[in-house]
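The figures that follow rest on heavy atoms only: side chains count, while hydrogens, waters and symmetry mates do not. In this chain, residues are counted from 1 in sequence order.
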Amino acid sequence: MPFLTARQPTARRAIARLALFAALLLCSALATAATTAMRLPDSVRPLAYRLTISLDPAQPTHSGEVEIEIELKQATRSLQLHAKDLQIRNAWLEIGARRHAAKSRTLDPERIELRFAQAIPAGRAKLVLAFSGKQQDTDELGLFHRREAGDWYAYTQFESTGARLAFPLFDEPGWKVPWTLTLTVPQALMAVANTAPRREEAAATPGWKRIEFDPTPPLPSYLLAFAVGPFDVLDAPPAGALPIRFITPRGRAADAAFAAGITARIVERLEAYFDLPHPFAKLDSLALSVPSGFGAMEHAGLITYGAPLMLATPADTTGQFQRNYVSLAAHELAHQWFGNLVTMAWWDDLWLNESFASWLGDRITAELMPQWHWHTSVQQARARAMRTDRLASSRRVQQPVLSDDDMGSLWDSITYEKGQVVLSMFEQWLGPERFRDGVRRYIHKHAWGHATGDDFLAALGSQDPALPAALRSFTAQPGLPRVAVTLQCDEGPPRLQLRQSRLLPLPGNDTSAPPLWQIPMLIRTPAGSTRLLFDSREAALALPDTACPAWVQANAGGVGYYRVAYAPALWRQLMTQPDLPVSEILAGLDDAQGLSEAGDLPVADMLAMAEHFASHADRAVIEQSAELLLHARRMVNAAELPAYAARWQRAFGERARQLGWTAAPDENDEARLLRALLVEAVADDGGDATLRSQARAQVDAWLAQTGALDASSRAAVLASAALDGDEALFNALLAAARSAPDRALRRDLYAALGHFRAPRLAQRARDLLLDSSVDFREASRAVMSAHNQAPALREGLMQFLQTRHAELAKRMGRDDPAWLPVHLNQACSDDDAQRIARIFTPHAARYQGGRLALAQTLEQVRVCAAWRTRETTRVAGPGLLRAP
């Protein structure tokens, strides 16, 4: 279930989004204390469910009855189940014709206990519970309802532990059983679920109907899904015999046209890769009426997407929208085999589901749409993962889940991107065909059952016995390898001296034993390639060159999950090679950023290399170069802003002005995508008054209905116009946001409101987050992200979060306030870190993951502060970022 809504985000947005999903470890004492409560006793096993629910999306509550076929391993007088915020109206257990009444009591917020008057014998029985509960209003978890264009809809999101908010059950992924669902709903509404309806009839209540769905194949509870509302349906071309439909809010079926036209092609490529047909009888894709922060969920037979990711009018079907949908759909569809057909036994192995779907989804996207150059997505993923993994508090990929709170750390760049890159690295080492054969062996062996990460490694190990231990060295311990490379040509044949260690941006920040990785290195020099499984602290590697090579590439292909620390001269020799592949340029530029933070590379060298590649022909290289300048922005003080703007103008000013705000009629998607990043960055960070003025003119014309905004650059134009905007423009954009009919446009307008620099208008933007007429989920991320990235606005945001914390918390989901500190993670001083700690320490323990969200943010701020201090002392006097 990816929460990152764009698989290749622009550099500007990547920085803010990475931190939102940073890894958050819980202290071991808390995890140990909660271990016994996390898992239900294994003395009872569910075998099948019959679930009946009555609901009207327009009402706050639902009710129902669940029958669970169970097997008791031993006689007992009590049973434990998961249930959260539910009323248990009645409960009993049937053995044959005899019924045993049960009394229910709450054990803790997640669990209930049923007690019987006498011991229930071992064997099979039927457990029945009648219940009622609430449809969630602020969380997209459990059974929740939302209003869109005057209509009410009800949806489900059960991963990871949302099912227990909807009905009582045994809510663990290791229990994979068939489900038979029956829904009773208002007659005028449509109901959809994992399987097709097999019977529909009038209900006993006038105006209602009862729909019984086909039994599902064996599924864990988190993959169960259903929805109710006045939906429209678009039938799509099938994938062979597999029927494909798109289910949308009323009136929006036509907006699923792009998705409907390409999904079958994705399915067919996945079927070919696995050498297995799609495992389930149908494929429905459902657009949820939720804010754009929601990604998608891989429910068997009923994949759900945040509506902005699946639906677009013809004008909004931009190149970025198409890329987002295809890559996200490929990810979710890969789960139908890897996660649904074969399911993890416990949450420890969530990484395997998500890493694999990220890896294969990007692979399928690259094959299906070669013109998108998606093969470099692994370098994008590598950069995102390393931004988290560089921290001392980074967690393992295969993270033990011992408490309910541990769930909060799983959906992040370590689970998704680090695992994805590690798989790519070992696929390169093993070879694509042998790697694919191992995957097929794993899927065929464990189909319709459970498997663990060790099972997957064993399947790959049949291709290479050394591979499981090597791969496990990356998944079973945290951190990022740093490989120091020294070229020696003094005596004998040329050779490399290698040394591995953990890369940390704050020296001495890790007091644990030094880790050791088994790193599959592919090294290239002018004479050819050399392979080495680097499994020791130090090693010497003979090169095939007869003379000292002019350059050394110690991460050929750029997929190695390690940073290469060359001597500065050797690094420059490599990076200035005229035929360096794009994938290796991207990895090298990102390494420059990480190594600069760690003290291995002066920031001046990093920025000089960014300028060197700013004129490259490949969009991904240009964006990565811009990323380095954006990252350095955190170090800039007020006196250095003119020098920083000069850097932007030197590197990108001319190209940005050539692109302008208006696309040429024959312009390709690459230019449109580049415009969205580059022109806005030069207008903002480059202080380009001409571009700002042009953006304002376009927005004024759009507001006056005498002009249009291209959807591919709309967000950038609006944000740039706001930079010097006055109160009249603020009022006009706010009015447009209030009346905008679709979420994508509202998202862009709220983001623009967050870009106003005038202090009074910035405060008005923050105050919108407390306005009951504004959807907090739509506006909050857009406004706070903009203020987090702008030093002039961050101070006001910090004060706002301090003084209005209680009011904000009331507008958020139950544990969402845990993430508020993250919206200050672009701060860059020890004083800021102390202030953030003072603001949020009193609140952190109230929310799941709150203490660790705060700790992670504080570390990021202190890393930046140490980097700035180090670089300031490295150079003499002011002008750290002044262009030469």
Side-chain angles (χ1 to χ4, degrees), residues 5-6 9-17 292 308 316 318 320 623 626-627 629-630 633 645 648 652 656-657 659-663 672-703 707-737 740 743-759 761-762 764-766 768 778-794 796-797 823 826:
T5 57
T10 65
R12 174 175 296 277
R13 295 177 185 129
I15 292 175
R17 289 201 333 200
S292 56
D316 287 336
T318 63
Q320 188 62 62
E623 290 187 350
E627 171 90 12
L629 277 178
L630 286 167
R633 181 186 192 183
W648 275 100
F652 301 109
R657 286 184 290 275
L659 286 167
W661 292 115
T662 304
R672 290 176 182 270
L673 292 168
L674 188 58
R675 173 181 295 104
L677 162 71
L678 211 56
V679 183
E680 179 188 355
V682 172
D684 185 353
D685 297 297
D688 198 301
T690 298
L691 290 174
R692 293 185 185 192
S693 176
Q694 291 171 349
R696 176 65 187 265
Q698 283 205 11
V699 171
D700 285 344
W702 174 71
L703 290 169
L709 295 179
D710 186 337
S712 66
S713 58
R714 182 178 62 206
V717 173
L718 288 166
S720 299
L723 293 171
D724 299 321
D726 53 16
E727 189 164 14
L729 180 62
F730 188 99
N731 292 337
L733 294 182
L734 178 57
R743 293 182 182 274
L745 176 57
R746 290 199 298 271
R747 173 198 61 205
D748 292 346
L749 287 163
Y750 285 128
L753 292 171
H755 279 75
F756 280 81
R757 293 294 195 260
L761 298 179
R764 284 189 62 189
R766 292 188 288 268
L768 289 174
E778 287 188 338
S780 58
R781 181 177 297 180
V783 171
M784 287 193 285
S785 176
H787 287 202
N788 184 24
Q789 293 184 63
L793 303 181
R794 195 182 306 118
L797 177 62
H823 292 288
Q826 294 298 294

Quiz item: Looking at Arg675 and Asp710, does any basic side-chain N land under 4.0 Å from a carboxylate oxygen?
Solution: no

Quiz item: Which heavy-atom pair separates Ala790 from Arg633 by the least distance, and what is that distance?
Solution: CA-NH2, 4.4 Å

Quiz item: What heavy-atom pair brings Ala721 and Val699 nearest, and what distance separates the two atoms?
Solution: CB-CG2, 3.6 Å

Quiz item: What heavy-atom pair brings Gly686 and Trp648 nearest, and what distance separates the two atoms?
Solution: CA-CB, 3.7 Å

Exercise. Compare all side-chain heavy atoms of Thr318 with those of Leu673 and state whether any distance is below 4.5 angstrom.
Key: no

Quiz item: Under a 4.5 Å cut-off applied to non-hydrogen side-chain atoms, are Val717 and Trp702 in contact?
Solution: no

Quiz prompt | Which atom of Leu793 lies closest to which atom of Ala762, heavy atoms considered | solution = CD2-CB, 3.7 Å

Practice problem: Return the minimal non-hydrogen interatomic distance between Asp684 and Arg692, and the atom names on each side. | Solution: O-NH2, 3.2 Å

Quiz item: Are side-chain heavy atoms of Leu729 and Arg696 found at a separation under 4.5 Å?
Solution: yes

Quiz item: Is the shortest heavy-atom distance from the side chain of Arg714 to the side chain of Leu745 under 4.5 Å?
Solution: yes

Quiz prompt | Qualifying residue, where the test is side-chain hydrogen bond (donor to acceptor under 3.5 Å, both in side chains) with His787 and the options are Arg794, His755, His823, Arg766 | solution = Arg766

Practice problem: Any chance you could lay out the side-chain contact (heavy atoms from CB on, under 4.5 Å) test for Leu761 and Asp726, step after step, and finish with the verdict? | Solution: CA-CA 8 Å; Leu761 298 179; Asp726 53 16; 5.5 Å; no

Quiz item: Is Thr662 close to Gln698 at the side-chain level, that is, under 4.5 Å between some pair of heavy atoms?
Solution: yes

Quiz item: Where the side chain of Ser693 meets the backbone of Ala689, is there a donor-acceptor pair that is under 3.5 Å apart?
Solution: no

